[in-house]
Amino acid sequence: MKLQKDHDRCIGAGQCVRTDPKIFDQDDDGLVQILVEHPRGADEAAAHKAVFICPAKALSLVEE
Ligand code: SF4
């Protein structure tokens, strides 16, 4: 699975970073930065959670 972001949708709410700061960060404008593009195991579970809770629907996990 590959983790993707849509910067045009991100509103900088930071829920993803609070879900797992190993996987997500925010840039100086507060927009999401993905630190782990191919999460596995527990990281994949955390990525799924972040996709689910993002209020702007700016994250997605896609099959490769
Ligand atoms: S991706 Fe979603 S949860 Fe993460 S900073 Fe952007 S809007 Fe917030």
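Order of appearance sets the numbers: ligands from 1, and atoms from 1 within every ligand. Since the structure is predicted, the reported quantities are computational estimates derived from the model, not experimental observations.
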request  = Answer whether the closest heavy-atom distance between the side chains of L3 and L61 falls below 4.5 Å.
outcome  = yes
ask   = Within a strict 4.5 Å, meaning less than it, do heavy atoms of the L59 and K5 side chains meet?
value = yes
query = More than 12 heavy atoms of other residues, nucleotides or ligands under 6.0 Å from NZ of K57: is that the case?
reply = yes
task = Quick one: name the residues clustered hydrophobically with F52, using the 4.5 Å side-chain heavy-atom rule over I, L, V, M, F, W, Y, and just say none if it's on its own.
result = I53
key: Non-hydrogen side-chain atoms of M1 and E63 separated by less than 4.5 Å   = yes
inquiry  = Strictly distance-based, threshold 3.5 Å: is any side-chain N or O of Q26 a donor or acceptor partner for the main-chain N or O of G12?
reply    = yes
Protein N, O or S atoms under 2.8 Å from atom 2 (Fe) of ligand 1 = 1
